[in-house]
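A short worksheet on the structure shown next.
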Amino acid sequence: MSGQALMVRRTLVAIMLTAVGGCGIQFTRAPSAADEVQTIRDARLAQNDAITERDIEAIAGYWERGVRSTAGTGIFVTGRAEYRRAFQDEFRNFNDLAYSRTPDFIELSSVRVSNADKLASESGTWTKSWTTSEGQTELYGLYDAMWRKRNGQWRIRSELFIALSCTGADCP
């Protein structure tokens with residue numbers, strides 16, 4: 001193709017793209033694996049912020065309706081409503097309750113599932129601290145979470161927290 005023909009072709013393509021763009025049509029790419037991992041990481045950190053702010057609705061917004069969780073000391077919680085109540089009770093009992101979940105590793109699953117767009121695994125460390133009349137206490141441990149993407153939204157399907165150490169006056 002000659003230089004002049006190539007220039008004409010590029011000009012026509014530019015005109016067509018400008019015309020399509022002017023019609024309100026937008027082309028978007030599917031999120032990359034790195035984008036998906038960052039979305040999950042951002043969601044976890046935003047949930048941490050919601051816990052700090054004691055915003056129950058924002059906290060619960062990251063869970064599926066049927067979420068299942070095993071707390072650090074082995075207590076089972078099933079469903080968004082029960083999990084919400086557990087946080088409400090802790091907020092009521094401890095004025096300075098603080099949780100932090102720090103993702104160390106997030107991996108997307110390559111397995112196709114019929115009940116979700118995608119699955120992902122998150123693992124990391126967590127801490128929980130609070131103060132009673134006896135003094136401050138801090139639990140530390142590891143966690144794993146299953147995230148499920150449905151209708152374009154990542155939500156937590158299940159979580160397993162394992163308490164590994166405790167320091168302070170009110171250790172279980």
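Thr125 and Leu142 make their closest contact through CG2-CD2, 3.8 Å (heavy atoms, listed as atom of the first residue, atom of the second, distance). Annotation for Tyr62 and Ala46: closest pair OH-CB, 3.1 Å, computed over non-hydrogen atoms. Listed here is the closest heavy atom pair of Pro103 and Leu45: CD-CD2, 4.3 Å. Of all non-hydrogen atoms in Gly168 and Cys171, the two that sit nearest each other are O-SG, 3.6 Å.
For the pair Ile75 and Thr70, the minimum side-chain heavy-atom distance is 4.5 Å or more. Looking at Leu97 and Arg54, their side chains come closer than 4.5 Å, going by heavy atoms from C-beta outward. When side chains are defined from C-beta on, Arg41 counts as touching Ile106, because their heavy atoms get closer than 4.5 Å. Side-chain contact check for Leu139 versus Trp130: some heavy-atom pair is nearer than 4.5 Å. Contact annotation: the side chain of Glu36 approaches that of Trp154 to within less than 4.5 Å [non-hydrogen atoms, C-beta and beyond]. The shortest side-chain heavy-atom distance between Arg155 and Arg150 does not fall under the 4.5 Å cut-off. Here the side chains of Phe87 and Tyr99 are in contact, with some heavy-atom distance below 4.5 Å. Proximity of Thr132 to Phe94: side-chain heavy atoms (C-beta onward) are separated by under 4.5 Å at one or more points.
A salt bridge does not link Lys128 with Glu138: every distance from a Lys NZ or Arg NE/NH1/NH2 to an Asp or Glu carboxylate oxygen is 4.0 Å or more. Between Glu159 and Arg68, none of the side-chain N atoms (NZ, or NE/NH1/NH2) sits under 4.0 Å from a carboxylate O, so this pair counts as no salt bridge. A salt bridge links Arg84 to Glu57: at least one charged side-chain nitrogen sits closer than 4.0 Å to a carboxylate oxygen. Checked for salt-bridge contact, Glu122 and Arg101 miss the test: no charged N lies under 4.0 Å from a carboxylate O.
The distance between the ring centers of Trp126 and Tyr140 does not fall below 6.0 angstrom.
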> Are Ile56 and Phe91 close enough, and set up right, to give a side-chain contact (heavy atoms from CB on, under 4.5 Å), and what steps lead you there?
Replying inline: CA-CA 10 Å; Ile56 295 290; Phe91 289 151; 3.5 Å; yes

> side chain to side chain donor-acceptor pair (under 3.5 Å) between Asp96 and Thr131: does it pass, once the steps are laid out?
Replying inline: CA-CA 7 Å; Asp96 66 341; Thr131 304; 2.4 Å; yes

> Can Ser69 and Phe76 be said to form a side-chain contact (heavy atoms from CB on, under 4.5 Å), step by step?
Replying inline: CA-CA 6 Å; Ser69 182; Phe76 296 106; over 6 Å; no

>> For Arg80 and Glu64: C-alpha separation, side-chain torsions, deciding distance, then whether salt bridge (charged side-chain N to carboxylate O under 4.0 Å, His left out) applies.
In response: CA-CA 7 Å; Arg80 190 185 297 160; Glu64 286 193 344; over 6 Å; no

>> If you apply the rule side-chain contact (heavy atoms from CB on, under 4.5 Å), what do you find for Tyr143 with Ser123, and how did you get there?
In response: CA-CA 6 Å; Tyr143 75 91; Ser123 57; 5.9 Å; no

> Hey, mind stepping through Thr137 and Cys166 against side-chain contact (heavy atoms from CB on, under 4.5 Å) and telling me if it holds?
Replying inline: CA-CA 7 Å; Thr137 304; Cys166 184; 3.6 Å; yes

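Taking CG from Leu160 and CD1 from Ile162, the interatomic distance works out to 4.5 Å, rounded to the nearest 0.5 Å. Rounding to the nearest 0.5 Å gives a distance of 9.0 Å between CG of Leu108 and OG of Ser32.
Between the side chains of Arg44 and Gln47, at least one donor N or O sits under 3.5 Å from an acceptor N or O. Checking Thr39 against Asp42 by side-chain atom types alone, no donor-acceptor pair falls below 3.5 Å.
A donor-acceptor pair is defined here as one N or O able to donate and one able to accept, closer than 3.5 Å; such a pair exists between the side chain of Asp117 and the backbone of Asn151.
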